[in-house]
Amino acid sequence: MSNIAFVRKKEIAPSPPPITEVGIIGWIKQNLFSGWWNSFLTLFCLYFLFMLAAEFFPWAWGGHWHTKSLRECLDLDPNVACFSVLTARWKQLLFGLYPAEEYWRPTLTFFLLILSIIPILFPRFIRFFWFSLIYPGLALWLLWGGSFWSVAIVYIGMSLGVASYFMLNQRLIKSSPMALLLALFLTVIFFLFISDGMADLLGDLVPLSLPFVESLKFGGFTLSLIVGVTGIVASFPIGILLALGRQSKNLPLVKMICVGFIEFIRGVPLITLLFVASVLLNYFLPPGTNFDIVLRVIIMVTLFSAAYMAEVIRGGLAGVTIGQHEASASLGLTYWQSQRLIIMPQALKISIPGIVNTFIGLFKDTTLVSIISLRDPVGLASTIRADAKWNGIYWELYIAIGLMFFIFCFGMSKYSQYLEKKLKTDN
Amino acid sequence: MSELDEKKKIDRTKVNLTEEVVIHISEMNKWFGSFHVLRDINLEVRRGERIVVCGPSGSGKSTLIRCINRLEEHQKGKIIVDGTELTTDLKNIDKIRSEVGMVFQHFNLFPHLTTLENCTLAPVWVRETPKLEAEEIAMEMLEKVKIPEQAHKFPGQLSGGQQQRVAIARSLCMKPRIMLFDEVTSALDPEMIKEVLDTMIQLAEEGMTMICVTHEMGFARQVADRVIFMDDGQIVEQNEPESFFNDPKSDRTKLFLSQILGH
Ligand SMILES: Nc1ncnc2c1ncn2[C@@H]1O[C@H](COP(=O)(O)OP(=O)(O)O)[C@@H](O)[C@H]1O
Ligand SMILES: [Mg+2]
C-alpha cells in the first residue's frame, strides 16, 4: 500500500454524457434511428401519419356547422365535413326521444352519477359513500319519474329490515341466522302488505312527483349509460359469486350450476340473448305483464358480462397461493372472512386489467341494443339518416359517437392503470 | 452446529412445565387417497413443553402438525387440543385455530396488508378486539420480534428473516396457547436463520408450548424437552435431546442423524 504515489481523496463527480446521448436528440437517436431497419420503419410511419393528417385536418377544420341539410353542405364545399348534423341533432344523440322539457333530468342524473362514483373510486372520499347507496334510487326516480315515494318506500323498507335485524340480533335472539330469517320475514311482510298503502299515504301528505317517461322514449347516450353503468355495477358482484361457486370444493351442486351458467352464457352470442329479451320473453310471460324492455336488456347484458367477469376473477383466484388460504385459516378466520379480507383483495388486484377489459367490452356492447330497435346512439344514426335532409351522412355521425364512447372507455382504462400503480405493494 | 451445542441450554427454572396435557393424539391415522401418510400416531404434549420433530423429507412431519389445527383432516383416531376434540364441527375447528398459532416455511404473510395490518387482522375479526387495542398488542409483539420500525411497510419490502419474524408476531397477536412451526428457517438465507431461531428461543424461554419441525439440531439441543423422530409416517423414536443425540436407539435414527450431522 505504501508505494502508491498518489491517491485521490475526493470522488470526481461523473461528467455528463455527450449531448448526442441525452435529451431529445439522444432519445430520438436511440429509439427511432438505431440502425437502418429501424430508421426505415420510423420514416415509413411518419409518412403514413402525415398522409392521414393531411387528409383529416383540412376536412375537419373547414367543416360546416350551421347548414340546414347535407345537400346545403355539399353545395357549399363537398370536400369538407358536414358537422351541421350534430348541431341539428345533438339533443337526440344524447337523450333519444326523451321529452325536451325534461332534459334536465337525465342531465342531472349524469352529474350525480359522477358524484356518486367518486367515493367508490377514491377511498379518500369514502365518507360520502352513503350517497353512492342512495344514488340508484334517486336515478331511477329522476329518469323514469312518477311518485318519489314509490322509490323511497323501497329504501324505507330495506332500512327497516336492516334495523330490525340488528335490533333482534342484539336484544332478543342470540343466534344470528334466526334473527336474519325473522328480519327477512318482517321485510317481506312490509313489502307485501304495508309498502303500497304507505307510499300512497306519503304521496298524499307530501306530493312529490315527476312526469312519467316510458322506457321506449329513452335513447341516445343516456340509454348507453343506463345500460352500461347498471350492467357494470351488477355484473361485478355476480361475477365474484360465480367465480367462488365454480371454485368451491364442498358444494358440488352449486359448482355445477355455476359452471353450467358460465359455459352456457359464454357460448351464446349477446345478440341472441338480446333477441330473447325483446321477443321471446313475451311468449313465456303471462299476457298483459309489463316487463320493462330496458330492464330486460339490462338483465341480459348483466348476465352476459357476469359470466366473463367470473372467468376473469377465477384467473385472479388461481393467482393467490394456497399458503394464503392456509395462513388465514390457521388464524381462525372463517371462509367468508378469509375470502373478503385476504383472498378477494389479492385476486381482484391481479384481475384488474381483465375486469376493466370486461367493463369496457360491456359498455361498447350496449350499442348492440340498436338491433332490437332501441335507440342507442348507433341506432339513432340510422334514424337520423332516414331523414331526407341527412340522407347519406356517415363519417361525421360515427366520429362523434365514437368519440363519446372513447372518452368513457379511455377514462376507465386510465383509472385502472392508476389503481394498479396505487395497489402495488412490493418493490 | 457445534457452536450452538456448546451454548448453555435455556434456563428451565423460569419455565413451569405442568402435567396438564394440552394436545392428546391417540391412534391417529391419515391417508391421502390410498396413500397412508400417518400410521398410528400417539402423542401427548404437556403445557409448556417444547417438542422438536425431525425426520427425512416426506416422512409426514408437516402433515402431523397440520392435523393439529385441521389444515389436514385425519381419518382415524383422536386428536384433542386444549380439551376440544377435532371433529367436522366447524365451530370447534375455528376455536382451535384461534388458539393454535402456526408459522409456515414460506411465511405466508398477506402481501396486500402492512406489517401492522397483518398483525391486527385476526384479533380484530376473530377475537373482535377493538382496533386501537389490537394495534397496541401488535406493536408489543413486533417489538418482541425486534422489528417495530417495519410496522408500516409491506411484506414485499422486508427481507426473508424479517418476514418470518413478522409471521411469528402475527401468530402471537392471537395470544395462542400452542405454537406450531413448520420448517420456518428452511427457506431463509444462512445469515437470517439466527435471527429467527433467536426469536423462537426467546418464546421457549417464556414458556410457550411449541412443536417445531426443524432440521436445526443445535436449536433442538438447546430448546427441546423432547425430540421426536419420524420416518415413513410413524413416530420411530422420542427422547430427551441429550439421550436422543448421544444414544439413539433405532438404526433409522442413527442413519438420519449421521446424514444430517454430516459425519
Ligand atoms: N395434499 C397432499 N396430497 C397428497 N399427498 C400429499 C399431500 N401433502 C403431502 N403429501 C405426501 O405426504 C407425504 C408426507 O408429506 P409431508 O408431511 O409434507 O412430509 P414432510 O413434512 O415430513 O417432508 C409425502 O410423501 C407427500 O408427498
Ligand atoms: Mg414438510
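Each chain gets a letter, A, B and so on, in the order its sequence line appears, and its residues count up from 1. Being a predicted model, the structure only gives us computed values, none of them experimental.
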key: side chain to side chain contact (heavy atoms under 4.5 Å, CB included) evaluation trace for B:R66 with A:E326   = CA-CA 10 Å; B:R66 287 156 62 87; A:E326 293 181 347; 2.7 Å; yes

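- Highest contact tally toward chain B, considering only A:I342, A:T334, A:L333, is held by A:I342 [criterion: heavy-atom pairs under 4.5 Å].
- Sparse packing is recorded around CZ of A:F410, with 12 or fewer heavy atoms of other residues, nucleotides or ligands lying under 6.0 Å away.
- Below 4.5 Å, heavy atoms of chain A meet heavy atoms from B:N69, B:L71, all part of residues 68-79 of chain B.
- Enclosure of atom OH in A:Y155 by more than 12 non-hydrogen atoms of other residues, nucleotides or ligands within 6.0 angstrom is indicated.
- Distance check, rounded to the nearest 0.5 Å: OG of B:S171 to CG of A:L331 gives 6.0 Å.
- Interface residue B:F110: backbone and side-chain heavy atoms are both found under 4.5 Å from chain A.
- Identified by a heavy-atom distance below 4.5 Å to chain A, the contributing residues of residues 119-137 of chain B are B:L121, B:A122, B:W125, B:V126, in residue-number order.
- The shortest heavy-atom contact between B:P111 and A:Q346 is CG-OE1, 3.4 Å.
- Atom NE2 in B:H112 sits 12.0 Å away from atom CE in A:M344 (nearest 0.5 Å).
- Taking CG from B:L113 and CG from A:L341, the interatomic distance works out to 8.5 Å, rounded to the nearest 0.5 Å.
- In this structure, the portion of B:V100 lying under 4.5 Å from any heavy atom of chain A is its backbone and not its side chain.
- Put simply, the side chain of A:Q324 gets close to the backbone of B:L109: a donor and an acceptor are under 3.5 Å apart.
- With hydrogens and angles disregarded, a donor-acceptor distance shorter than 3.5 Å links the side chain of B:N108 to the backbone of A:G323.
- Proximity to chain B is absent for every atom of A:T321, based on heavy atoms less than 4.5 angstrom apart.
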